[in-house]
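This report refers to the structure that appears directly beneath it.
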Amino acid sequence: MRDIAARHGFAFGLAVQPRPLAGDPAYAAATAREAALLVPEGATKWWDLRPEEDRFDFAGIDAITAFAARHGQAVRGHTLVWHAAMRPWTLAALAEGPARAHRLLEVHLDGVLSHTAGAIRDWDVANEAVADPWNSGDLLKDSPWLRALGPSYLDLAFRLVRERDPTLTLTYNDYGCEHATAYDEEKRRRVLALARGMRDRGVPLDAVGLQGHLHRDLPFSAGTVRDFVRALRALDLRVLITELDVIEPEIHAPAGGLTPGPSIAPGPDAPDPADIAARDARAAARVHAFVSAVLEGGGDAVLAWGVADHHSWATRAQPAARPLPLDRDFRPKPMWHALAAAFAGQAWP
Ligand code: G3I
């Protein structure tokens, strides 16, 4: 897929984990073959990087950047400021108040950015900071960072990263902007408002990441997504799909929703969970529609949130899930071919 995407001026990437990258030759081969760009699924989150306050653990990200260097791949970082994936010591420190939180963030950025400077050129500086319309009327989601530093914490984070390395691409990453629902429409409005506000305040922001966790049967409008991407591009922002996968209601709804948001019950025409061909065909069509709309709007890169089905967060929640372009044998599924068609600007099916 890396060659197909590049041939049409785009980049394709994969979220990876260091353990299978080192220990599973088929996983490593698929990663080398398919991706021009890697993002650590967990290795650059606070949980992994900061086991204790006086220790950075770079083993995971070093293994990933070393692999990328061997295979001519770029690496993007995920994520410097998020409300999740922080250990108890971090949460306790943030609860001590603004001075402690400010210092904690500066020490983290000094350590992480200096260590990864040569290898990671694009960071999700902040992830999922905009409040979910289904449970909040505010612009910003409640977060230990918001409570510690107030609503200017995002501006501070982006400014501190820019001060430390003016050559980095600074990205804001979020979910819930993909579907033609009232919730996603409001989320898109809020993300645009955030980006415009940062622009107006002179806060450095270079790109917006649309995660792309696609709920397969939710309403979808290509025009809506295309217009949203164009509106972000009009702010001189790059747009990329950062965490592409497909959530199947007949597989996940019975087990409880995967991502926050309206409960996605299977529709009357949802395929039988045993009908793999029907499920794969529907997932492929949704991926083609979404990716085509983002690329037509001016998006320039797509990353899938895992190398193959059995390495997805979605299959950890529901083993029968088929969320990614490669199956458990690392072979292309219809979704892979649909993605290739989207990069080539071809119709599907
Ligand atoms: O590595 C430990 C393992 O040693 C331990 O036995 C196991 C049982 O607790 O946990 C393992 O760590 C898990 C880690 O994933 C690695 O698999 C954590 O518990 C688990 O919380 C963590 O979940 C990740 C989650 O973010 C939280 O960081 C998912 O893999 C990852 O797919 C998910 O990714 C997020 C993006 O960062 C942001 N967008 C949404 C997306 C899906 O939630």
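Each ligand, and each atom within it, is numbered from 1 in the order the structure gives. Bear in mind the structure is a predicted one, so any value in this text is a computation, not a measurement. All values below come from the heavy atoms of this structure, side chains included, with hydrogens, waters and symmetry mates left out.
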Of the backbone atoms (N, CA, C, O) and the side-chain heavy atoms from C-beta on, which set of Tyr175 has a member under 4.0 Å from an atom of ligand 1: side chain, backbone, both, or neither?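 Neither; nothing of Tyr175 gets under 4.0 Å from ligand 1.
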Is the shortest distance from a Lys or Arg side-chain nitrogen in Glu296 or Arg230 to a carboxylate oxygen in the other one below 4.0 Å?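 Salt bridge between Glu296 and Arg230, a charged N being under 4.0 Å from a carboxylate O: no.
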For ligand 1 and Trp313, I'd like to know whether there is a polar contact (N/O to N/O, distance under 3.5 Å).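 Among all N and O atoms of Trp313, none is under 3.5 Å from an N or O of ligand 1.
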Looking at non-hydrogen atoms alone, which of Glu243, Arg316, Glu41 comes nearest to atom 15 (O) of ligand 1?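 Ranked by closest heavy atom to atom 15 (O) of ligand 1, first place is Arg316.
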Could you name the option among His78, Lys45, His311, Glu128 that has the heavy atom nearest to atom 26 (O) of ligand 1?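 Shortest heavy-atom distance from atom 26 (O) of ligand 1: Lys45.
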Under 3.5 Å donor-acceptor, Asp124 side chain and Asn127 backbone: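 Side chain of Asp124 to backbone of Asn127: no pair is present.
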Check if Trp82 has a non-hydrogen atom at a distance under 4.0 Å from any atom of ligand 1.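 Yes.
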With ring centroids as reference points, do Trp46 and Trp145 lie under 6.0 angstrom apart?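 Yes: the rings meet the under 6.0 Å criterion.
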Arg19 atom CZ, over 12 foreign heavy atoms within 6.0 Å: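 Result for CZ/Arg19: open.
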Under a 4.0 angstrom heavy-atom cut-off, which atoms of ligand 1 come close to Asn127?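 Going through ligand 1 atom by atom, the ones under 4.0 Å from Asn127 are 38 (C).
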Is it possible for you to check whether Arg50 lies under 6.0 Å from the centre of the six-membered ring of Phe56, through NZ or CZ, and within 45° of that ring's axis?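 Because its charged atom sits under 6.0 Å from the ring centre and within 45° of the axis, Arg50 does stack over Phe56.
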